[in-house]
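Just below is one structure, and these are the notes that go with it.
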Amino acid sequence: FVTKKKKEYLMKKTIFALLGFVFLTVTGVTFSHAQDTSSLSGIWITQKPEKHARIEIAPCAGNPQTFCGKIIELQQPVYPNDDPDAGKEKHDRHNPEATLQSRPLLGLTILTGFQSTGENTWENGEIYNPEDGKTYSCEITLNKDGDTQTLDVRGFVGISLLGKTQTWKRETSHGKATAWMAGQDE
């Protein structure tokens, strides 16, 4: 037999469990939706004429509270005919550490340690430029214009006022990215 007190206890326990489930479901959906629309994670296309690259940005392996990015595709993955390394896969030849100069650019991590500092901004990170072998302080801002998303990636020495900004475009599908990398509009 179940007493009146036991029934009340079970009823309260059930109600609290249901309210907890509803709360977690609603906040979980809201949180995941916010992550999808404003997340730094994804594939981004650099906008450097004739040197486009696809960069994959995701939480860093060692610290998932920060973001890192690596090169996953190059528009020109081998050196051109007029280069001393003609026909060879591009590598980190300008790195100041001689032991790293032979590592391939494909798969190379170039963004490290970015932390969210507000809505659509990430700072305290670094960007490595394989074209000069230097690492710069960096900040990233996500811009949204309708369905189009771009990143302003600003590398600098010392203060951000003394830097350079590149705009990268979020990839929406591999087919569109390939056409865009070839210099065609989407």
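Keep in mind that the numbers below use all heavy atoms, side chains included, and drop hydrogens, waters and symmetry copies. Because the structure is predicted, anything quoted here is derived from the model rather than measured.
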Practice item. Report the C-alpha separation of Thr117 and Asn124 in whole Å, then their side-chain angles, then the decisive distance to 0.1 Å, and conclude whether the side chain to side chain contact (heavy atoms under 4.5 Å, CB included) test is met. Key: CA-CA 9 Å; Thr117 56; Asn124 306 315; 4.2 Å; yes
Review point. Can you list the steps and then say if Lys51 with Glu131 is a side chain to side chain contact (heavy atoms under 4.5 Å, CB included)?
Key: CA-CA 11 Å; Lys51 293 184 181 179; Glu131 291 182 0; 3.4 Å; yes
Practice item. Please step through side chain to side chain contact (heavy atoms under 4.5 Å, CB included) for the pair Lys169 and Leu151, ending with a clear verdict. Key: CA-CA 6 Å; Lys169 187 173 182 181; Leu151 287 183; over 6 Å; no
Check your understanding: Would Asn120 and Asn143 count as a side chain to side chain contact (heavy atoms under 4.5 Å, CB included) if you check the C-alpha gap in whole Å, the side-chain angles of each, and the deciding distance to 0.1 Å?
Key -> CA-CA 7 Å; Asn120 300 328; Asn143 303 298; over 6 Å; no
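To the nearest 0.5 Å, the span separating CD1 on Ile71 from OG1 on Thr46 amounts to 8.5 Å. The line from NZ of Lys164 to CZ of Arg154 is 10.5 Å long, rounded to the nearest 0.5 Å. Interatomic distance, CG of Asn63 versus OG1 of Thr112, reported as 11.0 Å (0.5 Å rounding). Glu89 CD to Ser102 OG: the interatomic distance, rounded to the nearest 0.5 Å, is 11.0 Å. Interatomic distance, CH2 of Trp168 versus CZ of Arg54, reported as 13.5 Å (0.5 Å rounding). For the atom pair CD1 of Ile140 and CD of Glu123, the computed distance is 10.0 Å after rounding to the nearest 0.5 Å.
Clustering ILVMFWY residues whenever any of their side-chain heavy atoms sit less than 4.5 angstrom apart, transitively, puts Phe156 in a cluster other than the one holding Ile110. In terms of hydrophobic clustering, with Ile, Leu, Val, Met, Phe, Trp and Tyr side chains grouped at heavy-atom distances under 4.5 Å, Val157 and Ile127 are assigned to a common cluster.
Counted by atom type alone, Gln101 and Asn95 present zero donor-acceptor pairs between their side chains at under 3.5 Å. Side-chain contact check for Thr167 and Asp152: at least one donor-acceptor pair (N or O, by modelled atom type) lies under 3.5 Å. Tyr136 and Asp132 are linked by a side-chain donor-acceptor pair at a separation below 3.5 angstrom, with hydrogens and angles left out of the test.
The shortest non-hydrogen separation linking Pro59 to Pro64 is CB-O, 3.6 Å. The nearest pair of heavy atoms linking Ser39 to Leu142 is O-CD2, 4.2 Å. Nearest heavy-atom pair across Gly133 and Pro96 is O-CD, 3.1 Å. Nearest heavy atoms, Ser41 versus Ala58: OG-CA, 3.9 Å. The shortest non-hydrogen separation linking Leu74 to Ala53 is CD2-CB, 3.9 Å.
In this structure, Trp44 contributes its side chain and Leu40 its backbone to a donor-acceptor pair below 3.5 Å. Of the possible polar contacts, none joining the Arg103 side chain to the His91 backbone as a donor-acceptor pair under 3.5 Å is found.
Between Leu111 and Tyr128, every side-chain heavy-atom pair lies at or beyond the 4.5 Å cut-off. When side chains are defined from C-beta on, Thr165 does not count as touching Val153, because their heavy atoms never get closer than 4.5 Å. Proximity of Asp92 to Pro130: side-chain heavy atoms (C-beta onward) are separated by under 4.5 Å at one or more points.
A search for side chain to side chain donor-acceptor pair (under 3.5 Å) contacts involving Thr135 returns nothing, not counting sequence neighbours.
A cation-pi arrangement, defined by a distance under 6.0 Å to the six-membered ring centre and an angle within 45 degrees of its axis, is present between Arg93 and Tyr79.
The existence of a salt bridge linking Asp83 and Lys90 is excluded, since no basic side-chain nitrogen approaches an acidic carboxylate oxygen closer than 4.0 Å.
Screening residues 99-119 for ring-ring contact (aromatic ring centres under 6.0 Å, His included) gives no qualifying pairs among residues at least two apart or on separate chains.
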